[in-house]
Structures are given as structure tokens and as C-alpha cells.
Novice: 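The structure is given below, and queries will be raised subsequently.
Indexing begins at 1, ligand by ligand and atom by atom, following the structure's order. The figures here come from the full heavy-atom set of this structure, side chains too, leaving out hydrogens, waters and symmetry mates.
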Amino acid sequence: MSTARNHFGALALACIATLAHAQDANKLKVGLMLPYSGTYAALGVAIENGFRLRLDEQGGKLGGREIEFVKVDDESDPAKATDNVNKLIKRDNVDVIIGTVHSGVTMAMAKAAKESGTVLIVPNGGADAVTGPMCAQNIFRSSFSNWQPAFAMGEVAAKQGKKNAITITWKYAAGDESVAGFKEGFEKGGGTVAKQLTVPFPNVEFQALLTEIAAAKPDAVYAFFAGGGAVKFVKDYAAAGLNKTIPLYGPGFLTDGTLEAQGESAQGMLTTLHYADGLDTPRDTSFRTAYAKTYKLQPDVYAVQGYDAAQMLGIGLAAVKGDISKKPEFAAAIEKARIDSPRGAFTISKAHNPVQDIYLRRVVGNENKLVNVAVKNLADPARGCKL
Ligand code: BEZ
């Protein structure tokens with residue numbers, strides 16, 4: 001009798017284990033490769049928050065599939081990027097990767113995604129190459145190319161009558177491409193970039209370069225920094241008294257998610273970005289209310305990009321009924337979608353980069369207040385993309 005009971009118990013346990021395994025196997029494995037430490041840590045957290053908010057709104061499922069996360073802190077370190085992404089692809093067998101922030105790390109991820117065919121959605125990293133020469137059917141971006149906000153700022157600065165600018169940035173792909181985009185827009189409008197200053201990423205020793213700027217007396221300075229580095233740069237610029245004489249322009253990363261820490265030093269600054277405070281649309285208001293309620297924080301552009309990465313994944317998965325191996329159908333659904341973003345609806349280009357409005361914003365208090373639309377429906381030129 002007791003032997004029969006033991007057999008029955010073992011059978012029941014085996015059934016439960018098989019059922020649990022089947023349920024797990026039905027989950028979509030999402031690799032979140034983001035910075036959770038270093039100068040971009042806050043950006044990584046905001047992206048994950050945004051992604052999870054959308055997932056919660058969808059009852060924890062996308063395309064009918066529950067989601068299981070595997071998380072990696074990429075430390076914004078390109079030297080570790082290939083190992084990190086290959087662990088997700090080969091060891092953890094993820095179905096899709098969401099990441100990352102740093103352009104150099106993003107390019108290593110795009111290379112691995114292209115080689116393995118794993119779906120990659122980039123929720124920030126602006127490296128132009130990702131939707132340029134590296135473009136692929138399985139690689140998408142929910143954010144921007146480095147060229148987009150930078151080109152818009154160049155046009156704005158030229159329209160404001162600035163003739164002679166100095167640029168300053170971290171020396172890596174995002175900074176170099178941001179400066180190149182600004183230069184293109186600025187020179188088109190008749191301006192000249194007199195000098196291009198750089199510091200190694202993620203250094204924040206700006207004093208010698210600020211002294212050089214003060215001596216050169218340009219009409220304008222264009223800077224690319226983000227996260228903790230942007231806080232330090234904007235404060236140092238003001239502490240050197242430069243904000244009183246030489247306007248500081250930049251892509252909106254210079255002041256997004258940073259204003260509480262920058263305080264007085266950022267007031268009045270003009271930046272360009274695909275998101276702004278005060279859009280005052282029902283879509284943005286409901287997003288901001290939900291985000292603030294869930295995280296007790298105001299969202300920034302990074303949160304929006306994470307939220308939209310989940311929206312894009314949901315659109316693709318719905319079209320293939322959760323079967324992400326159907327890559328052409330998955331891509332086609334995203335390509336023809338109009339993504340209902342808090343930033344304003346956008347579409348995805350052939351190269352899989354958002355075609356979107358770029359806003360001019362002015363810092364007022366703790367907000368990057370909408371001034372106007374600097375460039376409507378701006379598409380990245382996707383130079384070198386052969387899709
Ligand atoms: C980048 O490396 O692409 C990047 C990082 C932070 C903000 C914007 C762009």
C-alpha cells in the first residue's frame with residue numbers, strides 16, 4: 001500500500017515538474033543588457049522601468065507570451081561587450097535582446113545579433129552604423145541615431161545667427177557622430193566649427209578645456225555628454241561663468257534626467273531631442289501619470305525609449321502570434337506600424353530607425369519645456385544601409 005502511494009506521489013511530482021517546464025519553455029526570454037553601474041546607470045534603470053511599465057499595461061504578456069528576463073550590467077564598457085552579449089545569446093539562449101545605452105557597446109551587440117540572427121531592439125545607443133552599414137532585418141532601434149538631434153541643433157544654432165562654434169564631447173562614437181551631425185546642420189546654415197575638443201570617456205575633468213573655450217570666445221558651444229557626466233559638465237560650465245557669455249547647446253541628453261542635480265546651472269539652456277516636457281497630449285499625459293505612480297519619479301527620454309522598445313516588440317510578436325522565429329513577418333509588422341509613443345507617433349524607416357519630430361526645448365526649473373518642433377519627421381540618412 002505504502003509502495004503504491006510512493007509511486008503515485010512520484011508520478012504527481014514528475015507531472016508538476018513537466019508542466020512547470022512546459023510553462024517556462026513557453027515564456028519569451030528577453031535579455032536586458034543595460035548599464036546598471038557607472039555614468040549611465042540612471043539611463044539603464046529608466047529604460048528598464050519604461051519597458052516594464054508597458055509590459056504591465058499588457059498584463060505581463062507580449063504577443064500572448066509571458067516574459068522571462070535575463071539581466072546583464074554592461075557597465076558601458078565596450079571591452080566587455082562581445083562577451084556579455086554572447087553569454088545572452090549562446091549560454092542563456094535568449095529570444096530577443098534589449099540594449100543598450102553606450103554606442104560602442106551597442107555596435108558590438110549589433111554585430112553579434114547580425115551574426116546570430118537574434119532579434120535586437122536598441123533602446124538608446126545612437127551609433128549611426130547600427131541603422132547604417134550594420135543594418136539588418138533583425139535589428140531595430142526605438143530611440144534615435146546620433147545624427148538626428150545633433151543635425152537639428154546645428155540648424156537651430158545657425159538660424160539663431162551663430163557663426164562660430166566650438167564643440168566638446170567624450171571621445172567615442174556617440175560624441176564624434178553627434179559633433180559631425182551638428183557640424184553638418186550648422187555649416188549648411190552658414191556657421192563654422194572652429195575647434196573640436198574631446199575628453200576620454202567617461203572622464204569629467206573639464207577645467208583645461210573650459211579655459212581654452214573662454215580664451216577662444218566662440219559665439220556658441222555644442223556639447224555631447226549624458227548621465228552623470230552631463231551633470232558635471234553643465235555645472236562646471238556655469239561655475240566658470242561661461243553660461244553668462246557663450247550659450248551652451250547640445251542634444252537633449254545634456255539636460256534629460258539630470259535637471260534636479262544641475263539646478264541653477266542649466267536654466268535657460270536650449271537643446272534638441274525627440275522628447276520634451278509639456279507636450280501636453282493625452283498619450284503623453286497618461287504615460288507620465290502611470291510612470292510617476294509606479295516609480296514615484298518623472299519619466300525622461302530614456303524611459304520613453306524603453307517603453308517604446310516594449311511597444312515595438314509587442315507589435316512584432318502580435319503579428320507572428322508569439323513565434324519570434326518568423327523574422328520576415330516580425331520585421332514587416334514593425335516596418336508598417338505607426339508607433340503610438342508618448343513622444344508623439346512615429347514610424348520606423350527601412351533601416352529600422354525612428355522617423356520622428358525633433359523638438360527644441362528650453363530648461364525652465366526642472367523641465368525641458370517644449371519651445372517648438374525644430375525638424376518635423378526627421379529621418380536618419382541611413383548612409384551605408386543596404387536593406
Ligand atoms: C550613446 O552612447 O549612443 C549615447 C549615450 C547616452 C545618451 C545618448 C547617446
Novice: I'd like to check whether Tyr40 has a polar contact with ligand 1, where a contact means an N/O of the residue lying under 3.5 Å from an N/O of the ligand.
Specialist: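 Between Tyr40 and ligand 1, no N or O pair is found under 3.5 Å apart.
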Novice: Note the single closest protein heavy atom to atom 1 (C) of ligand 1, along with its residue, its atom name and the distance in Å.
Specialist: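 In this structure, atom 1 (C) of ligand 1 has Val101 O, 3.1 Å as its nearest protein heavy atom.
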Novice: What protein heavy atom is closest to atom 2 (O) of ligand 1, reported as residue, atom name and distance in Å?
Specialist: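 Here the closest protein heavy atom is Tyr172 OH, 2.5 Å.
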Novice: Does ligand 1 come near enough to Tyr302 that some N or O of the ligand is less than 3.5 Å from an N or O of the residue?
Specialist: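 Between Tyr302 and ligand 1, no N or O pair is found under 3.5 Å apart.
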Novice: Decide whether an N or O pair under 3.5 Å exists between Gly126 and ligand 1.
Specialist: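 Indeed, backbone or side chain, Gly126 has an N or O that close.
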Novice: Could you list the atoms of ligand 1 found under 4.0 angstrom from a heavy atom of His102?
Specialist: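 This gives 2 (O) as the contact atoms.
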Novice: Hey, are Ser103 and Asn146 close enough side-chain-wise for a donor-acceptor pair under 3.5 Å?
Specialist: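 Per modelled atom types, Asn146 and Ser103 side chains form a pair under 3.5 Å.
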Novice: Of the non-hydrogen atoms in Gly250 and Met153, which two are nearest, and what is the gap between them?
Specialist: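 The answer is O-SD, 3.5 Å.
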Novice: Using the rule given for side-chain hydrogen bond (donor to acceptor under 3.5 Å, both in side chains), can you reason through Asp277 versus Gln298, listing the C-alpha separation, both sets of side-chain angles and the distance that settles it, and then say yes or no?
Specialist: CA-CA 10 Å; Asp277 294 311; Gln298 285 306 312; over 6 Å; no
Novice: Pick one of side chain, backbone, both or neither for how Ser103 approaches ligand 1, counting any non-hydrogen atom pair under 4.0 Å.
Specialist: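 It is both parts that get close, each with some atom under 4.0 Å.
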Novice: Should you measure from each heavy atom of Asn124, which atoms of ligand 1 turn up under 4.0 Å away?
Specialist: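 Numbered from 1, ligand 1 contributes 4 (C), 5 (C), 6 (C), 7 (C), 8 (C), 9 (C).
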Novice: If you measure from each non-hydrogen atom of Phe201 to ligand 1, which part falls under 4.0 Å: side chain, backbone, both or neither?
Specialist: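 Neither part.
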Novice: For Arg141, which of Thr106, Thr131, Asn124 qualifies under side-chain hydrogen bond (donor to acceptor under 3.5 Å, both in side chains)?
Specialist: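 Exactly one pass, corresponding to Thr131.
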Novice: Which ligand 1 atoms, with their elements, are less than 4.0 angstrom from a heavy-atom of Phe144?
Specialist: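 Per the distance check, 8 (C), 9 (C).
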